Amino acid sequence: MKKILFDGTATQSNSRVAFHGGGEYAKYMLRAALDSGYVFDVVLSNKMFSDNAIERMLEEHGEIRVFRVENKHDIYRLIDEEQYDVFYSALPAAYIDYSGVAKLIGVVHGLRAVELPWDFYRYKYEKQLYPKLRGWMISHCSLIQNYLKRKHTSLSHQLLKVKNAQFVTASFHTKNSMLNFYPELQADNISVFYSPFSVEKIEMSLPKSNYFLMVSGNRFEKNVYRAVKVFDKLFSENRLQEKKVVITGCGNQSFWKQLKNKDRFELLPYVSTEELERLYEKAFCFVYPSLNEGFGYPPLKAMSYGTPVIASSATSIPEVCDNAACYFSPTNEDDLAARILRITIDEAYRIQLADRGLKRVGELQERQAKEMESELRIIFTGQV
């Protein structure tokens with residue numbers, strides 16, 4: 001059996017981002033590896049916040065050694081000193097300078113910084129005047145945007161050209177994007193395993209409430225600003241009677257003050273997992289206007305409760321949601337407005353989407369059960 005070091009820092013969080021899809025992926029893989037009986041070591045950072053459930057899990061498995069470090073260079077030294085065969089990381093972006101003897105197996109969740117180096121409305125998400133002005137200037141200057149794309153393309157390239165490395169991706173979109181931007185990569189060296197996810201149940205949850213739900217209101221790539229403008233306009237035109245919008249993950253971005261129908265919006269900070277599940281369960285419809293995803297967990301969460309989904313047609317989202325979502329072009333506000341009106345008016349279509357969503361979640365869970373053993377085998381034995 002190979003000697004494995006699992007990058008537990010990928011399961012940890014910092015003060016800026018409480019929830020990250022890559023972090024949830026890492027937690028799931030850690031649980032799956034432990035449940036499958038694999039023995040390995042784990043490295044954690046002293047400078048990051050740990051999930052209490054993960055800490056308890058590691059304590060319960062006494063055969064798992066846990067090393068705590070200050071920085072990535074401590075990880076590199078640990079790899080050399082302990083002579084590991086494999087260093088597995090679900091978030092390998094920080095290891096662009098890796099040159100250890102152990103094989104690096106890294107998960108590339110997406111190439112967002114390359115595919116989406118900027119968006120015209122990104123400055124709207126800034127809180128302070130100077131960053132807002134700076135962002136506005138960049139939004140109106142293609143030269144700077146092109147520079148940012150070249151910069152991020154180069155940074156991603158540094159990781160992908162690490163000599164002793166093998167990569168796993170969460171979608172075929174991401175794999176093909178890697179091959180597009182970096183033609184020297186070998187397709188056979190990039191494995192695709194859909195992001196693992198867990199749901200408490202897959203069933204229609206009734207009755208539904210009267211709100212449209214969106215998440216991550218403070219992140220420009222989630223594209224909530226455009227969607228908020230659409231809803232506000234529809235409210236002003238009295239097109240969505242008795243409906244409101246609930247948005248989680250909101251900060252103090254100034255664009256909230258521009259709303260003309262403030263009483264129809266409920267702006268929440270990041271909420272607990274339990275509260276978020278309740279919001280998914282009771283929503284009239286979940287709206288996911290994201291500009292870029294490597295996989296996309298949120299629509300599946302909504303679908304698992306029989307909540308119909310309106311989703312962006314960008315990047316991996318159609319691949320993941322298949323025929324179970326009502327798609328729109330994420331930068332076309334009229335396109336989104338038309339989809340919102342259809343979901344509101346056409347009950348039969350709404351029920352059809354909910355049924356398709358339940359089926360799609362079941363399909364992905366079946367696929368996940370089949371693929372998990374293969375993915376763990378690649379990590380822990382090197383066998384494809």
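Quantities reported herein were computed from a predicted structural model and do not represent experimental measurements.
Evaluated for a side-chain hydrogen bond (donor to acceptor under 3.5 Å, both in side chains) with Y305, the options K208, E203, R278, E277 yield exactly one hit, E277.
Taking the side chain as every heavy atom from C-beta outward, Q368 and Y28 approach each other to under 4.5 Å. The closest side-chain heavy-atom distance from V245 to V228 is not below 4.5 Å.
Under the rule for a side chain to side chain contact (heavy atoms under 4.5 Å, CB included), the partners of A53 that lie at least two apart in sequence or sit in another chain are D51, R56. Applying the salt bridge (charged side-chain N to carboxylate O under 4.0 Å, His left out) rule to K47 yields no partners; only residues at least two apart in sequence or on another chain are considered. When the ring pair (Phe, Tyr, Trp, His ring centres under 6.0 Å) test is applied to F212, the partners found at least two apart in sequence or on another chain are F231, F284. By the side chain to side chain contact (heavy atoms under 4.5 Å, CB included) test, S36 pairs with Y38, L376, sequence neighbours left out. Residues forming a ring pair (Phe, Tyr, Trp, His ring centres under 6.0 Å) with Y288 (at least two apart in sequence, or on another chain): F286. Every residue two or more places apart in sequence or in another chain that forms a side chain to side chain contact (heavy atoms under 4.5 Å, CB included) with N46 is listed here: R68, E70. Looking at residues two or more places apart in sequence or on another chain, you find no salt bridge (charged side-chain N to carboxylate O under 4.0 Å, His left out) involving R356.
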Practice task
Go through the steps to decide whether R367 and E371 satisfy the test salt bridge (Lys or Arg N to Asp or Glu O under 4.0 Å), and finish with yes or no.
Solution key: CA-CA 6 Å; R367 174 173 178 156; E371 288 186 341; 2.9 Å; yes
Practice task
Check the pair E275 / Y280 against side-chain hydrogen bond (donor to acceptor under 3.5 Å, both in side chains), numbers first and verdict last.
Solution key: CA-CA 9 Å; E275 175 63 9; Y280 280 126; over 6 Å; no
Practice task
Begin with the C-alpha distance, continue with both residues' side-chain angles, and end with the deciding distance and a verdict on side-chain hydrogen bond (donor to acceptor under 3.5 Å, both in side chains) for N189 and Q166.
Solution key: CA-CA 6 Å; N189 198 37; Q166 179 178 350; 4.8 Å; no
Exercise for the section: For L44 and T11, run side-chain contact (heavy atoms from CB on, under 4.5 Å): C-alpha distance rounded to whole Å, both residues' side-chain angles, the deciding distance at 0.1 Å, then the answer. Expected result: CA-CA 9 Å; L44 295 172; T11 70; 4.3 Å; yes
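Under the salt bridge (Lys or Arg N to Asp or Glu O under 4.0 Å) criterion, the residue pairs touching residues 241-257 are K244-E266, with sequence neighbours excluded. Listed by first and then second residue, the ring pair (Phe, Tyr, Trp, His ring centres under 6.0 Å) pairs involving residues 319-364 amount to none (not counting sequence neighbours). Applying the salt bridge (Lys or Arg N to Asp or Glu O under 4.0 Å) test to every pair with at least one member in residues 134-149, sequence neighbours left out, gives no pairs at all. A salt bridge (Lys or Arg N to Asp or Glu O under 4.0 Å) check over residues 85-102, counting only residues at least two apart or in different chains, returns the pairs K72-D97.
Aromatic ring centres of Y121 and F255: separated by at least 6.0 Å. With ring centers used as reference points, H109 lies 6.0 Å or more from F295. In summary, the aromatic rings of F265 and F235 are positioned with their centroids under 6.0 Å apart.
Side-chain atoms of R360 come within 3.5 Å of backbone N or O of V320 as a donor-acceptor pair. Of the possible donor and acceptor atoms, one in the side chain of N146 sits under 3.5 Å from a partner among the backbone N and O of S142.
The other residues sharing a hydrophobic cluster with W118 are I138, I144, Y147, L148, where clustering joins ILVMFWY side chains under 4.5 Å apart.
With Y84 as the aromatic partner, K3 meets the cation-pi criteria of under 6.0 angstrom to the ring centre and within 45 degrees of the ring axis.
Taking both residues in full, the closest heavy atoms of I79 and A102 are given as CG2-CB, 3.7 Å, listed atom of the first, atom of the second, then distance.
L155 and L179 fall within a single hydrophobic cluster, where Ile, Leu, Val, Met, Phe, Trp and Tyr side chains are chained together by heavy-atom contacts under 4.5 Å.
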